[in-house]
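Just so it is clear: chains get the letters A, B, ... in the order the sequence lines come, proteins before strands, and each one is counted from 1. Everything quoted here is computed from the prediction, not taken from an experiment.
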Amino acid sequence: MSWDEKLLKQAKKIIKLYPQKRSALGTLLHLAQSKDGYISDDSISVISDLVGITEVQVKSVSTFYSMYKQEPTGKYLLSVCKSISCEINNSSEVINKLQEFTGLNNNETDEDGLFTFEAVECIGACGGAPAMQVNYETVEGLTAENAINLCSWLKEKQPDIVVADDMQKDFGGVKSFDWAIKDNSGATSNAPGFQTLKTTKAKK
Amino acid sequence: MSDKVNLNVNGIDIQSDSNKLLIEACEDSGIHIPRFCWHKRLDPVGMCRMCLVEIETPRGKMLVPSCTTEITDEMVVDTESDVVKKAQEGVLEFLLINHPLDCPICDKAGECPLQDQTMAYGPGESRFVEEKRHFEKPINISEIILLDRERCILCARCTRFSDEISGDPLIEFIQRGNKTEVNTFPNEPFKSYFSGNTVQICPVGALTSTSYRFKARPWDLKSTRSTCNGCTMGCSIELNSSQNKMLRILGVDNDSVNQGWLCDKGRYNFEYLNSEKRLKTPQKSVDNNFVEIEIQDVYSELTEIIQDRKTKINFLLGSNLTNEDYVAFREFSKSISDSEQTFYLNDDLLYKGQFGQNNELAKIDDLNSSDAIVVWAEDLKEKMPVLYLRVRQAVKKGVKLIVFGHTNETLTDIADVFYGKETVSKNFEIIKDVSKLNEIKNYVVGKNITAIIGKSTPQQSDESIRELSEFLKSNSNTKILNTYTKGNTYGAFQTLENIKGTKDFVDDISSENTDLLFVVGADPVGRSFYSNEIKSILENLDTVVSLDIFNHETAELSNFVIPVSSTLGEKEGTFTNIEFRTSRIDKLVPSPGQSISDSEFITSLMNFAGLSNDINSLEALNNKAFESIENSTRPVFDNLDKPSNLDGIINISDPIITTSENSSTKALFYTGEKLYGDSVTERHSESISLLGSKKFIEISQNIVDKFNLTSGKCSMVQDDMEVTLSYKINDNLPDDLIYIPINRRDLNKFNFSKEITFLPSRVEEALNVN
């Protein structure tokens with residue numbers, strides 16, 4: 001067992017939220033990812049024991065969904081949308097420029113383990129296209145220039161918590177909607193920020 | 001029963017049960033719809049889209065997959081329209097895009113659904129000019145199964161089988177989209193007792209077995225239908241041979257028995273037939289050396305012994321004889337002596353069982369129709385794997401399962417109630433008052449029960465087995481499936497009177513009451529729990545004649561060793577299974593050298609000795625075997641060969657087992673058998689020998705703690721014997737109990753009624769020193 005007591009306790013708490021153990025699989029995989037930055041075979045073994053299905057069944061699910069990473073990603077996972085609305089609003093320029101800036105091809109991680117770059121399908125921010133996510137925290141109304149500024153800032157400051165609202169304020173433009181509640185919390189890892197997983201934290 | 005539904009397929013009106021899928025309803029009416037993923041024993045998934053057909057809907061004609069569409073009344077279906085044809089061409093074109101088309105080197109070619117259906121429904125020409133997908137070719141997903149991912153069309157038959165049917169999903173789809181592949185978890189091979197079935201149901205050549213790979217072409221194969229004699233399940237099988245060599249065994253879909261499935265032991269434990277080490281000539285022991293001898297000389301020497309009126313003859317018969325062989329021995333003994341002959345079966349677990357008027361006997365199909373199944377027997381998965389599948393199937397349909405005993409560890413995960421070490425003692429007695437166990441009462445009282453009841457280990461007393469069935473019978477409508485697991489045991493029950501087991505053999509037989517002993521198809525010295533006792537008995541007897549296909553530890557103690565034909569594939573005859581279903585055993589390949597069948601040997605000997613006999617043909621033996629049965633249900637060749645009787649004929653009869661009561665012995669250890677061992681046939685079957693040669697024991701957690709075991713290895717020492725083996729922790733075992741799988745050589749040589757020193761430290765000490 002490569003999970004420490006704290007994590008196991010958290011996992012068992014999550015399992016209790018579901019009618020069947022195996023229903024917790026998806027969330028547990030996110031938890032595993034928040035621990036290592038990817039789904040390791042060790043984590044798969046632990047999860048398989050926890051939910052009572054075989055390891056290969058866990059592996060099957062974890063390799064099916066692209067948000068579960070099979071290899072370690074950088075500290076910041078840059079996901080730029082390439083779907084239709086963003087593409088019309090020139091996301092390809094954002095993609096090209098970011099690739100140039102980071103020196104990364106699609107699904108690559110840099111040697112310092114700082115950035116992983118990926119071009120992804122729709123992230124649900126069509127109203128603010130083009131959009132991207134940093135560790136699943138969304139920034140809308142981008143320009144290529146702002147996207148590079150964002151990455152330079154990440155590179156320089158290397159914040160432990162990335163907050164969507166902050167990044168939007170400094171680097172974003174038009175938003176899909178502007179009536180959302182202000183949210184000061186952000187992602188602590190490259191797993192989506194869920195309160196149950198404790199992968200989201202308020203910034204001090 | 002379900003309602004009938006009328007539908008119109010291709011302009012023809014057909015009728016079918018309302019709960020059927022369209023593809024089934026069409027199949028039943030003789031309309032074939034091509035398919036890859038759909039298999040009648042698996043849940044539909046609609047993966048491959050090959051079975052698209054057009055149905056009329058309020059919104060016009062629509063293409064639907066017939067394997068996931070339930071039929072409705074007045075449904076109008078077209079399976080041959082231009083649209084359907086175009087769809088089929090399209091589906092095949094897509095499937096072939098990533099298929100390597102390496103048919104010239106593929107084992108499946110010639111019997112390949114993808115090949116056949118491409119011929120029948122495919123576009124004929126490929127438009128794909130790009131580079132195909134590549135994978136490493138092939139990979140070993142277990143010791144006996146190979147996977148060629150390039151050929152896979154992702155029908156999910158293998159993954160569904162392992163999940164739904166065998167319940168050990170160790171293979172799954174990995175990745176997705178264009179990258180999807182079937183694979184195992186790293187370092188977690190597809191170790192299933194049923195893995196061979198995935199090879200059989202694979203609709204392409206993606207899954208192959210090491211055993212058959214590159215051995216033959218389907219069009220060169222000779223084949224015949226027969227019955228597996230590996231355990232008492234009696235699965236229907238198809239034997240395949242080429243150039244007089246047995247090459248493959250396939251499962252045949254016999255609805256009441258194996259439904260097409262086989263265990264890997266049944267499927268691959270045939271390779272010994274082709275072994276160079278098979279006995280080929282009769283041999284005689286002269287001054288502790290075996291010399292070849294003419295069979296005529298064997299007859300004349302034995303005749304001399306037999307003709308001495310005072311000669312006392314006994315028989316120790318293996319469980320792998322046909323009914324006809326058993327009858328030959330019966331008639332032989334009748335012709336020499338008027339007194340009733342006792343036949344000893346080579347079975348450590350033979351006990352009286354629950355037969356007679358007070359017991360209603362169950363059929364295998366009763367498992368599905370009962371309210372609950374109660375299991376109190378050897379571990380079914382280890383000893384009768386396909387019966388285990390049938391229990392699983394019943395449980396999946398909603399039948400409750402109640403399991404007793406720490407031996408049935410493999411059923412615990414699907415059992416509704418499991419009475420393990422708290423209820424069953426080390427001595428295999430149910431320590432609690434059954435009538436006071438509340439959980440079982442809820443499931444049993446007033447319900448229809450099928451009870452799978454048998455003896456689990458030689459240490460168990462007969463009385464302890466009966467208690468539970470008495471409780472069941474008095475509280476519910478119980479049908480009993482008496483569970484003896486060895487080969488054609490039920491055939492012996494039907495053909496022989498006065499049957500005893502090896503325990504009684506040890507108690508009864510001595511040089512005083514036996515001058516001549518026939519040991520037929522049995523290696524008790526190499527295999528039995530009573531190995532040492534039997535060995536010393538055999539050493540003291542005047543004449544021992546061993547009939548077998550290999551030389552083995554028992555044969556080595558014999559005066560004569562006669563090479564005989566194997567019941568698998570080299571003999572004709574009949575076999576009777578656990579529900580007294582008699583079916584055909586057929587011959588496909590010749591026996592090596594001078595091997596003859598057991599019955600031929602006996603009848604020739606009788607002729608030579610001038611004993612009157614009317615069993616000079618197999619048909620005569622077959623008729624004699626079932627004399628007492630009414631003609632229409634008599635399982636004689638003529639009846640069995642009728643197409644309607646290919647699945648066998650059931651004649652429940654009450655055997656006379658005269659074995660003496662066995663009271664429980666002091667159990668320091670408990671012994672049982674795992675599916676794979678290293679019996680003489682397994683040793684000579686390449687695929688199986690890989691699986692059964694490892695020596696291990698299972699121990700309870702408290703032993704690990706007590707001795708502070710860490711290395712995974714330990715030694716067992718008794719007198720001058722020492723065996724080093726690995727141990728596994730089995731949580732179902734009561735404290736301080738060690739389980740020893742004795743179907744491994746050496747392990748059965750320990751005297752289990754005496755103390756065995758268990759040395760956990762030997763290896764660890766050695767490790768510590770370093």
Side-chain angles (χ1 to χ4, degrees), chain A residues 1-3 15 19-26 28-30 32-33 36 38-73 79 81-83 105-109 116 118-123, chain B residues 43 45 47 133 135 139-142 145 147 149 152 154-195 198 207 381 392 409-416 418 729 731:
Chain A
M1 289 283 232
S2 63
W3 284 19
I15 291 171
Q20 286 178 37
K21 280 184 174 184
R22 62 184 294 163
S23 311
L25 181 55
L28 291 180
L29 285 168
H30 279 310
Q33 178 144 321
D36 295 330
Y38 76 110
I39 311 290
S40 66
D41 284 353
D42 278 346
S43 292
I44 288 178
S45 301
V46 174
I47 294 174
S48 111
D49 280 347
L50 285 170
V51 302
I53 59 178
T54 60
E55 289 159 318
V56 73
Q57 287 179 313
V58 179
K59 177 112 180 162
S60 178
V61 174
S62 79
T63 55
F64 183 86
Y65 294 105
S66 53
M67 268 170 76
Y68 300 128
K69 302 299 173 200
Q70 293 169 50
E71 281 163 10
T73 54
S79 319
C81 180
K82 61 174 180 182
S83 280
N105 289 322
N106 203 14
N107 294 320
E108 271 183 3
T109 304
T116 298
E118 61 179 6
V120 297
E121 300 302 339
C122 187
I123 55 176
Chain B
D43 292 344
V45 281
M47 281 302 267
R133 194 174 55 155
F135 283 114
I139 53 170
N140 270 80
I141 55 170
S142 79
I145 308 289
L147 169 65
R149 290 163 294 174
C152 177
L154 307 176
C155 67
R157 276 189 182 189
C158 56
T159 55
R160 278 181 290 151
F161 171 83
S162 67
D163 189 17
E164 293 167 20
I165 307 289
S166 66
D168 42 19
L170 296 170
I171 45 171
E172 251 304 347
F173 285 142
I174 305 290
Q175 305 282 2
R176 73 156 157 191
N178 181 45
K179 289 182 186 160
T180 315
E181 60 177 84
V182 171
N183 213 329
T184 58
F185 191 68
N187 303 321
E188 195 63 47
F190 184 35
K191 256 194 182 155
S192 166
Y193 283 171
F194 306 98
S195 59
T198 62
L207 287 163
K381 193 174 179 182
R392 268 191 67 88
E409 52 184 297
T410 50
L411 282 174
T412 53
D413 61 331
I414 53 165
D416 293 275
F418 172 58
I729 299 166
D731 291 331

**Prompt:** Only one of B:I171, B:I174, B:V182 forms a side-chain contact (heavy atoms from CB on, under 4.5 Å) with A:V56, so which one is it?
**Reply:** B:I174
**Asked** Side chain, backbone, both or neither: which part of B:P186 has a non-hydrogen atom closer than 4.5 Å to chain A?
**Response** side chain
Tabulate, with distances rounded to 0.1 Å, every donor-acceptor pair spanning chain A and chain B at under 3.5 Å.
from   : atom 1 : to    : atom 2 : distance (Å)
B:P169 : O      : A:T54 : OG1    : 2.6
B:F173 : O      : A:S60 : OG     : 2.5
B:Q175 : N      : A:T63 : OG1    : 2.8
B:Q175 : OE1    : A:Q70 : NE2    : 3.3
B:Q175 : NE2    : A:Q70 : OE1    : 3.0
B:R176 : NE     : A:F64 : O      : 3.0

**Message:** Less than 4.5 Å to any heavy atom of chain B: does that hold for the side chain of A:I44, its backbone, both, or neither?
**Reply:** side chain
